[in-house]
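Given the structure is predicted, the values throughout are model-derived calculations rather than measurements. Hydrogens, waters and symmetry mates play no part in the numbers below; they use all other heavy atoms, side chains included.
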Amino acid sequence: MAEADVEVKGAFVDSLKRNFRDIRNDRAQNIAEEAEIKLRRNIEDIELSLREMRRNRENALDLSPANATSLKPAQDFDATAWATKEIDYVIKIHNLEIVLEGAKERYNYLFNKGE
């Protein structure tokens, strides 16, 4: 029975020998890594939404006609609708800026990122 004396080695055996502290540390690292990535991506999504919203608000100022000889847009301009949309952008941008600031503060706190 020479085979019975053979010591099995490898990742499987090493995994079986890990202690509770090692297992907990590995799990904690995996959870923390995933949570950090998800929160960072959410922050990036908020930043992207802010850029898009600001860009759209600036594009709303483009009231120039489709061609150089047309005066049609001036006749079709609805000042009330434009003003309402402008205020909506102000509110949405302001709210997103607040959310972004809070999310960044929380991210820095949770993941020890001193920015």
Side-chain angles (χ1 to χ4, degrees):
M1 296 238 151
E3 289 183 22
D5 296 337
V6 174
E7 182 179 349
V8 179
K9 296 180 181 179
F12 182 74
V13 172
D14 292 343
S15 178
L16 292 172
K17 291 180 181 179
R18 291 185 330 151
N19 64 31
F20 185 66
R21 177 179 284 154
D22 292 338
I23 293 169
R24 284 188 61 189
N25 284 339
D26 288 348
R27 288 178 183 168
Q29 285 294 78
N30 290 338
I31 291 169
E33 180 182 311
E34 185 175 348
E36 181 183 5
I37 290 169
K38 297 291 184 180
L39 185 54
R40 186 171 8 107
R41 285 184 179 168
N42 284 345
I43 290 170
E44 290 169 353
D45 289 344
I46 294 168
E47 290 172 331
L48 179 61
S49 293
L50 263 172
R51 281 194 299 271
E52 289 173 351
M53 203 168 297
R54 288 179 179 136
R55 189 177 308 117
N56 289 340
R57 186 171 83 173
E58 290 304 312
N59 288 341
L61 294 176
D62 182 6
L63 302 173
S64 57
N67 63 52
T69 60
S70 174
L71 297 177
K72 200 90 165 144
Q75 294 171 349
D76 294 339
F77 180 68
D78 182 354
T80 303
W82 178 85
T84 301
K85 193 171 184 178
E86 182 66 22
I87 296 300
D88 286 344
Y89 276 127
V90 169
I91 292 169
K92 288 177 183 176
I93 288 171
H94 179 71
N95 288 342
L96 274 178
E97 287 171 340
I98 292 170
V99 169
L100 179 61
E101 181 181 336
K104 282 183 173 181
E105 286 176 10
R106 191 69 178 156
Y107 174 82
N108 291 336
Y109 169 73
L110 291 172
F111 299 105
N112 203 22
K113 306 286 185 180
E115 293 183 86

S.K.: Mind checking salt bridge (Lys or Arg N to Asp or Glu O under 4.0 Å) for Arg57 and listing every partner two or more places apart, or none if nothing turns up?
M.R.: Glu86

S.K.: Not counting sequence neighbours, which residues clear side-chain contact (heavy atoms from CB on, under 4.5 Å) with Asp78? List them please.
M.R.: Thr80, Ala81

S.K.: With sequence neighbours excluded, what pairs up with Glu47 under the salt bridge (Lys or Arg N to Asp or Glu O under 4.0 Å) test?
M.R.: Lys104

S.K.: Name each donor-acceptor pair under 3.5 Å that joins a side chain in residues 14-26 to protein atoms two or more places apart or in another chain, with its distance.
M.R.:
unit_1, atom_1, unit_2, atom_2, d
Arg18, NH1, Asp26, OD2, 2.0
Asn19, OD1, Arg21, N, 3.1
Asn19, OD1, Asp22, N, 2.8
Asn25, ND2, Arg21, O, 3.4

S.K.: State whether the number of non-hydrogen atoms from other residues, nucleotides or ligands found under 6.0 Å of Gln29 atom CD is greater than 12.
M.R.: no

S.K.: Please round to the nearest 0.5 Å and tell me the distance separating atom NZ of Lys85 and atom NZ of Lys92.
M.R.: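 Going from NZ on Lys85 over to NZ on Lys92, the span is 9.0 Å.
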
S.K.: Output all residues satisfying side-chain contact (heavy atoms from CB on, under 4.5 Å) with Glu52, sequence neighbours left out; order by chain, then residue number.
M.R.: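 For Glu52, the residues satisfying side-chain contact (heavy atoms from CB on, under 4.5 Å) (neighbours in sequence not counted) are Leu48, Arg55.
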
S.K.: Got a list of side-chain donor-acceptor pairs under 3.5 Å for residues 95-103, not counting sequence neighbours?
M.R.:
unit_1, atom_1, unit_2, atom_2, d
Asn95, ND2, Ile91, O, 3.4
Glu97, OE2, Arg54, NH2, 2.4

S.K.: Are Trp82 and Ile87 connected in the hydrophobic side-chain network, where two residues link if heavy atoms are under 4.5 Å apart?
M.R.: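 No, Trp82 does not connect to Ile87 through the hydrophobic network.
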
S.K.: Tell me every residue that passes ring-ring contact (aromatic ring centres under 6.0 Å, His included) with Phe111, counting only those two or more places apart in sequence or in another chain.
M.R.: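 By the ring-ring contact (aromatic ring centres under 6.0 Å, His included) rule, Phe111 matches Tyr107.
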
S.K.: I want to check something: taking the side chain as every heavy atom from C-beta on, are Glu34 and Asn30 in contact at a cut-off of under 4.5 Å?
M.R.: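 No, side chains not in contact.
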
S.K.: Starting from Val13, walk the hydrophobic network (Ile, Leu, Val, Met, Phe, Trp, Tyr; side-chain heavy atoms closer than 4.5 Å) and list everyone else you reach, by chain and number.
M.R.: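 Its cluster partners, ordered by chain and number, are Val8.
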
S.K.: I'd like to check the salt bridge (Lys or Arg N to Asp or Glu O under 4.0 Å) partners of Glu36; sequence neighbours left out, ordered by chain and number.
M.R.: Lys113

S.K.: Let me confirm one number: the CD1-CD distance from Ile37 to Glu33, rounded to the nearest 0.5 Å.
M.R.: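 Spacing of CD1 (Ile37) from CD (Glu33) equals 4.5 Å.
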
